[in-house]
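One structure is given here, and the rest of the page talks about it.
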Amino acid sequence: FTAPVVGARGEYYGRVWYFRDITERKQAEDALRRTVAELSEAQRVAHVGSWRMDAATDEVAWTEELYRMLGLNPKAPPPPYLEHQGLFAPESWSRLNAALPRTLEAGIPYELELETVRADGRRGWMLARGEPLKDDAGKIIGARGIAQDITARKQAGLNLERSEAQLRAFLNESPSLMFMKDIQGRYVFVNDRFKEAFGLKPAQVLSRTDEEIFPPEQAEQFA
């Protein structure tokens with residue numbers, strides 16, 4: 001920086017220049033930028049975003065990955081908390097809106113699987129965790145947490161449930177008696193035709209062996 005050199009009567013003699021070594025400060029700033037960039041990249045790869053909320057103002061701060069997860073512009077400020085309702089399916093919003101006040105008021109953390117509604121209307125799923133944010137005196141001043149995109153895992157689970165339901169329906173509609181046993185000979189599945197043929201209820205069959213279900217002669221024939 002520079003300053004003028006002025007005499008006692010105000011006469012101007014020129015300017016003097018001062019220099020300060022700011023190498024350490026610049027190195028620290030560069031290291032901080034690298035750390036922030038590495039954190040952002042790690043969150044992008046893991047599909048994990050983080051957030052903070054100020055209890056006094058309801059102001060929310062998001063990392064870039066959370067914007068991407070919800071299909072929003074990361075250059076725009078995050079919407080106020082009360083506007084988050086449009087980002088979730090109604091049932092998921094109801095559970096989140098019940099959990100967060102308990103965190104802010106009583107310090108109770110939460111972990112929820114929430115169905116999201118992206119800005120383009122597409123649906124997704126996130127695993128959301130929240131915990132209280134406290135000052136040095138232990139007073140709750142807000143909340144913080146993470147959100148992980150679990151859409152692919154959730155969709156795979158739903159697809160598996162549908163496949164299992166279709167297989168079970170197919171087996172139950174079969175005119176043949178069909179069953180499955182584990183390696184110890186206990187029934188783990190019987191179709192409706194099997195239960196009807198022997199006049200049995202599921203509780204009388206599942207997890208039991210032939211010897212526990214049928215008369216000795218019949219059990220021996222099955223063996």
Applying a strict under-4.5 Å side-chain criterion to I, L, V, M, F, W and Y, I'd like to know whether F88 and V60 cluster together.
yes
Do R118 side-chain atoms and M69 backbone N/O form a donor-acceptor pair below 3.5 Å?
yes
Closest approach of L200 to F194 (non-hydrogen atoms, all atoms of both residues):
CD1-CE2, 4.4 Å
Got a sec, which pairs hit salt bridge (charged side-chain N to carboxylate O under 4.0 Å, His left out) with one end in residues 200-210, sequence neighbours left out?
K181-D210
Find out if a path of hydrophobic residues (ILVMFWY) with successive side-chain heavy-atom gaps under 4.5 Å connects V6 to W17.
no
Residues two or more places apart in sequence or in another chain: which of them pass salt bridge (Lys or Arg N to Asp or Glu O under 4.0 Å) with R102?
none
Check whether L112 and L104 end up in the same hydrophobic cluster, where Ile, Leu, Val, Met, Phe, Trp and Tyr are linked by side-chain heavy atoms less than 4.5 Å apart.
yes
Candidate list P79, P77, P74, test side-chain contact (heavy atoms from CB on, under 4.5 Å), partner W62, passing option
P79
Donor-acceptor pair, side chain of Y67 and main chain of K75, under 3.5 angstrom
no
Spatial distance of atom CD1 (I150) from atom OG1 (T116) [nearest 0.5 Å]:
9.5 Å
Pairs under 3.5 angstrom only: tabulate donor-acceptor contacts from the side chains of residues 214-223 to other protein residues two or more places apart or in another chain.
none

For E59, is there any backbone N or O sitting under 3.5 Å from a side-chain donor or acceptor partner on D54?
no
Hydrophobic cluster membership, with links at side-chain heavy-atom distances under 4.5 Å among I/L/V/M/F/W/Y: are Y12 and V16 in one?
no
Atom pair OG (S207) and CD (E212), whose distance is rounded to the nearest 0.5 Å
9.5 Å
Pairing of E113 and R153 as salt bridge, 4.0 angstrom limit
yes
Side chains of residues 119-135: which donor-acceptor partners sit under 3.5 Å, not counting sequence neighbours?
{"unit_1": "D120", "atom_1": "OD1", "unit_2": "R122", "atom_2": "N", "d": "3.0"}
{"unit_1": "D120", "atom_1": "OD2", "unit_2": "R122", "atom_2": "NE", "d": "2.9"}
{"unit_1": "D120", "atom_1": "OD2", "unit_2": "R122", "atom_2": "NH2", "d": "3.3"}
{"unit_1": "R123", "atom_1": "NH1", "unit_2": "E115", "atom_2": "OE2", "d": "3.3"}
{"unit_1": "R129", "atom_1": "NE", "unit_2": "E111", "atom_2": "OE1", "d": "2.9"}
{"unit_1": "E131", "atom_1": "OE2", "unit_2": "R144", "atom_2": "NE", "d": "3.0"}
{"unit_1": "E131", "atom_1": "OE2", "unit_2": "R144", "atom_2": "NH2", "d": "3.4"}
{"unit_1": "D135", "atom_1": "OD1", "unit_2": "A137", "atom_2": "N", "d": "3.0"}
{"unit_1": "D135", "atom_1": "OD1", "unit_2": "G138", "atom_2": "N", "d": "3.0"}
{"unit_1": "D135", "atom_1": "OD1", "unit_2": "K139", "atom_2": "N", "d": "2.8"}

Could you tell me if the side chain of F198 sits less than 4.5 Å from the side chain of L177, heavy atoms only?
yes
Do L72 and L87 have side-chain heavy atoms sitting under 4.5 Å apart?
yes
If we ignore hydrogens and angles and just use 3.5 Å, is the side chain of T63 paired with the main-chain N or O of S50 as donor and acceptor?
yes
Quick one about Y81 and N97 (side-chain donor to acceptor, distance below 3.5 Å, no hydrogens or angles considered), yes or no?
yes
Between D58 and M53, does the side-chain contact (heavy atoms from CB on, under 4.5 Å) criterion hold? Intermediate values first, please.
CA-CA 6 Å; D58 282 348; M53 177 181 180; 3.3 Å; yes
What distance do Q184 atom CD and D182 atom CG have between them, rounded to the nearest 0.5 Å?
5.0 Å
With a 4.5 Å heavy-atom cut-off, do I213 and Y187 have their side chains touching?
yes
Flag the pair Y110 / L100 as yes when at least one side-chain heavy-atom distance between them is below 4.5 Å, and no otherwise.
yes
Would a hydrophobic clustering, with Ile, Leu, Val, Met, Phe, Trp and Tyr connected at side-chain separations under 4.5 Å, put F179 with V188?
no
Between the OG atom in S92 and the CD atom in Q85, the distance rounded to the nearest 0.5 Å is 12.0 Å
Please list every donor-acceptor pair under 3.5 Å in which a side-chain atom of residues 165-174 meets a protein atom from a residue at least two apart or in another chain.
{"unit_1": "N172", "atom_1": "OD1", "unit_2": "D192", "atom_2": "N", "d": "3.0"}
{"unit_1": "N172", "atom_1": "ND2", "unit_2": "R168", "atom_2": "O", "d": "3.3"}
{"unit_1": "S174", "atom_1": "OG", "unit_2": "S176", "atom_2": "N", "d": "3.2"}

Value for NE2 (H84) from CH2 (W93), rounded to nearest 0.5 Å, stands at 7.0 Å
Run L114 and L96 through side-chain contact (heavy atoms from CB on, under 4.5 Å) and show every step you take.
CA-CA 8 Å; L114 303 173; L96 177 60; 4.1 Å; yes
Applying ring-ring contact (aromatic ring centres under 6.0 Å, His included) as the test, list every pair that has at least one member in residues 137-160; sequence neighbours left out.
none
